[in-house]
Colleague: 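My questions will all concern the structure given below.
In listed order, ligands and their atoms are each counted from 1.
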Amino acid sequence: MNSSLLAINNNRIAFFVEDDLRDWIIKIRRHVHQYPELSSEEFKTAAYIQEQLKIRGIASSGGICGNAVIVELGKHNPKSPCVALRADMDALPVNEETGLPFASNHPGIMHACGHDGHVAMLMGAAVLLDRAGKLPGRIKLIFQPSEELGNGASMLVNDGIVDDVDAIFSGHIDIHFKTGEITVNQGIICAYSDPFTISIRGRGGHAARPHEATDAIVAASSLVTIIQTLVSREVDPNKAEVITIGSFHAGTLHNVIASEALLQGTVRSIDEITRLRTIDGLKRIVQSIETMYDVYADLVFEEGLPAVINSKRAAEIAAIAAKDVVPADKVISQGFPSLGGEDFSFYLQRLEGCMVRFGAALPTEKAPAHSSGFDFDENCLELGSRWLASTALRWLEQGKTQS
Ligand SMILES: [Zn+2]
Ligand SMILES: [Zn+2]
């Protein structure tokens, strides 16, 4: 190891981020933020990642499963253990209203989830690991497209990108926590996410003659209300569960009884038994609407996201690495699992790993993630780079030997 850049003192791995590297990491975040691209359209983001890595002398492969970029370090021994670090890179269809000097140049598209920061962190980690000297194994850095659509990770997994990987780590920026805090938890940290569509078909007619029609809007409205009883009356109050109907479309004109209504929603669960019970309950209620209102009702579940479940051993390594980066009292629990979804779960179905959260609260700005005013404290970026690098080394040095 290059001792000027990587010090191991008192069993603490301390990667050093000098001013020049810190500035580069922030520059990357701001550039990616300024030119956001939607899920599966991250062409320029991918090209920029490759170009900036090349300037730092780091080779990468692009165009994998669309726009994924992969960096492989420590390839000298193909049979040695392999750990992966993952950053997502897509933006959201949100119109930015932050007023930042590097605000989005693409109207209607914004990095409102912090994935611009994730890219910058992993780029920083690439530099730290690349110059750390001879590595005790292989490290695969994955810049992943299309997280917000929930299909980026599964594409890479199905393409065999992690077939040779023993464990995978990632982190998400989170403004609910202070900058300098890193949350590490074993077990479930992000919910099962099951999106669904309900179509209701009645019979159209004149607004003044309801007896000649079957009103899809009344049936659908009633359905939305009855669905609210599922969580309040059928789920164990100690188990967090959410059903949200996020979209309701029906009708064309004030004097026409609508023949069709389309509802879209999502079920979020942190417990498999509760999840299945809620899904069964939803099926039962949708069926009952048919007889109640003399309509045809169809419920279709789309492919959702599994829960993110951190393995015990990977979470232990993640916590040790977090203590390399911040004081021990800043390595905290995130508390209850998030009811949000995260496609990192697809990797964890295949191999063990851990996702953490990087505290990034700004002193004043509190706009939530996925909103037009979202921003975070850039001081979290350097910490993220150092945690990613430390975790990879810690895993290679300790993770395999404990198996
Ligand atoms: Zn998001
Ligand atoms: Zn995100």
Colleague: Quick check: of its N, O or S atoms, which one does E148 have closest to the Zn ion (ligand 1)?
Modeller: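 Checking each N, O and S atom of E148, the shortest distance to the Zn ion (ligand 1) belongs to OE2.
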
Colleague: Report the angle formed at the Zn ion (ligand 2) by atom NE2 of H115 and atom SG of C113, rounding to the nearest 10°.
Modeller: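 Answer comes to 100°, rounded to 10°.
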
Colleague: I'd like to know whether D20 forms a salt bridge (Lys or Arg N to Asp or Glu O under 4.0 Å) with R56, so could you lay out the CA-CA distance, the side-chain angles of the two residues, the decisive distance to 0.1 Å, and finally the verdict.
Modeller: CA-CA 12 Å; D20 171 59; R56 291 266 168 176; 3.3 Å; yes

Colleague: For Y48 and H31, I'd like to know if the aromatic rings sit close, meaning centre-to-centre distance below 6.0 Å.
Modeller: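 Judged by ring-centre distance (under 6.0 Å), Y48 and H31 do meet the cut-off.
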
Colleague: Under 2.8 Å from the Zn ion (ligand 1) - does any N, O or S atom of E147 fall there?
Modeller: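 Looking at E147, which is the residue asked about, there is no N, O or S atom under 2.8 Å from the Zn ion (ligand 1).
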
Colleague: R350 pairs by salt bridge (Lys or Arg N to Asp or Glu O under 4.0 Å) with which of D159, D166, D164, D163?
Modeller: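 With R350 as partner, salt bridge (Lys or Arg N to Asp or Glu O under 4.0 Å) holds for just one option, D163.
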
Colleague: Nearest 0.5 Å, please: how far is CZ in F143 from CE in M123?
Modeller: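 M123 atom CE to F143 atom CZ measures 5.5 Å (nearest 0.5 Å).
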
Colleague: Taking 2.8 Å as the cut-off, does H118 contribute an N, O or S atom near the Zn ion (ligand 2), distance below it?
Modeller: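 Checking H118: none of its N, O or S atoms is under 2.8 Å.
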
Colleague: Between D324 and R394, does a salt bridge (Lys or Arg N to Asp or Glu O under 4.0 Å) hold up when you go through it step by step?
Modeller: CA-CA 10 Å; D324 289 334; R394 290 275 182 195; 2.8 Å; yes

Colleague: Looking at the Zn ion (ligand 1), which N/O/S atom of H370 is the nearest one?
Modeller: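 Result: NE2.
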
